Protein chains: 2
Amino acid sequence: MRMVFVDLEELKKAIKKDTILVSVIHGNNEIGTINPIREIGEICRDKKIYFHTDACQSFTKVPIDLEKDNVDLLSINSHKIYGPKGVGALVLRDDIKLTPLFHGGGHEGGLRAGTENVTGIVGFAKACDIITKKDVEHMSKLRDELIDKIMEIPNTILNGPKENRLCNNANFSFKSIEGESIILHLDEKGIATSTGSACSTKSLKPSHVLTSIGLSPVDAHGSLRLSLGKENTKEEIDYTVKSVKQIVEKLRKMSPLGK
Amino acid sequence: MRMVFVDLEELKKAIKKDTILVSVIHGNNEIGTINPIREIGEICRDKKIYFHTDACQSFTKVPIDLEKDNVDLLSINSHKIYGPKGVGALVLRDDIKLTPLFHGGGHEGGLRAGTENVTGIVGFAKACDIITKKDVEHMSKLRDELIDKIMEIPNTILNGPKENRLCNNANFSFKSIEGESIILHLDEKGIATSTGSACSTKSLKPSHVLTSIGLSPVDAHGSLRLSLGKENTKEEIDYTVKSVKQIVEKLRKMSPLGK
């Protein structure tokens, strides 16, 4: 059994006397895990430690209640919810004083010097207005269908959980073949996918997330991440499933790693 | 005689054995001073010290030759040349290794983690394409006219130099009256101006630039900055001059500080 969520007992053990902050990703960008921030927040509150969560992937997709979840600092961003790229926000409790990284003009309450990206900020706010719960339900339904059908392929691993998973994330490893090869073949069919995270596109190392949840480097290299969008359709899911099945079969026949 | 440019002898004296970097603003944002970066760069090169210049105000307005001016690091930005807000660039010599302020995804060559503001960056590049030397000549001409006519008002100080001044900047102090009052009256006439810099809009302190060049706090409070744009016309300059003259006369009559 792979541990895909943050282990609360491990967290408690990791907190030392001089720990001042716990920072945990809410929704994982590679495997879609939604971490139990309420429980993590409770532990932090009990121990009087600040709790920060990176909710860039989960924002608008998973309900977040800053009070009940005991979140002191929350990072969110724009382009994950169809807003413009290059904009984010740090939401923080009124009584928290931060030391700025950028000094100078005193913009944004003295926290971040530099003329603000006004159009980006307005676009982010507008994106928050536009996204709906219905979009989340739609993506969740398509994701479940995608996962169920892809898992019919023999020797396939679902990376990350089936439950408590981001509505737009599916991530698989296919034994004996490389994710990179699948991606290139899918691209020819007009389907854009990825292995690992977009941030490490240029790296050839296996995903640190996949190796952390127990995958061998070989299986981690065989991973394929399929991200859903609110405008995806059932037809596109069917086409994707069909394409992945064909490609995996073809590549496995060619693979030196055996069938 | 007020010293409005960086004093090269003072600079030489300020450089100590452990100095590793000299950073000087190229074109001053308040008083339009264009500092002698070539001479400053030469001093730095001779002493084997890195030279950074903030050219946000001067970029595209004053020629910069990174080689001849001995500039190692150059900051420029977009919205000062009609590009989108919130975008800038740091141009640096290939052999300079910087320690990033933001860590994480390894974006922008590992120097600045975070998804890039793509539309902003493209807009900045486009703005560089659009701006022309003719725009600079046009603004310079209007600026000279504006300065000459405003200086006809008695007891008026031109803050900053007449020569080696940014093409779009004019800054005056009017004895016995407050800049803030002039601004409000000009605003009623549809003319947007400022005192001090936009970065310190919320501050009531007199401009540190104006007090540094020798103005009394009272005169610094009486300052008015008029920034020109490439689309300003001679008619607008005439209207502005007429409006400033009227307002200064009116406010001086009311002033408790005397005439």
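Lettering of chains follows the sequences in order, A, B, ..., and the numbering in each one begins at 1. If you're wondering where the values come from, they're calculated on a predicted model, not measured in any experiment. Only this structure's heavy atoms are used, side chains among them; waters, hydrogens and symmetry mates stay out.
A distance of 11.5 Å separates NE2 of A:H79 from CG of B:N117, quoted to the nearest 0.5 Å.
Residues of residues 82-90 of chain A lying under 4.5 angstrom from chain B, judged on non-hydrogen atoms, are A:K85, A:G86 by number.
Taking a 6.0 Å sphere around CD1 of A:I20, one finds it holds 12 or fewer heavy atoms contributed by other residues, nucleotides or ligands. Heavy atoms from other residues, nucleotides or ligands lying under 6.0 Å from CG of B:D95 number more than 12.
Judged as a salt bridge (Lys or Arg N to Asp or Glu O under 4.0 Å), not a single pair has a partner in residues 100-121 of chain A (not counting sequence neighbours).
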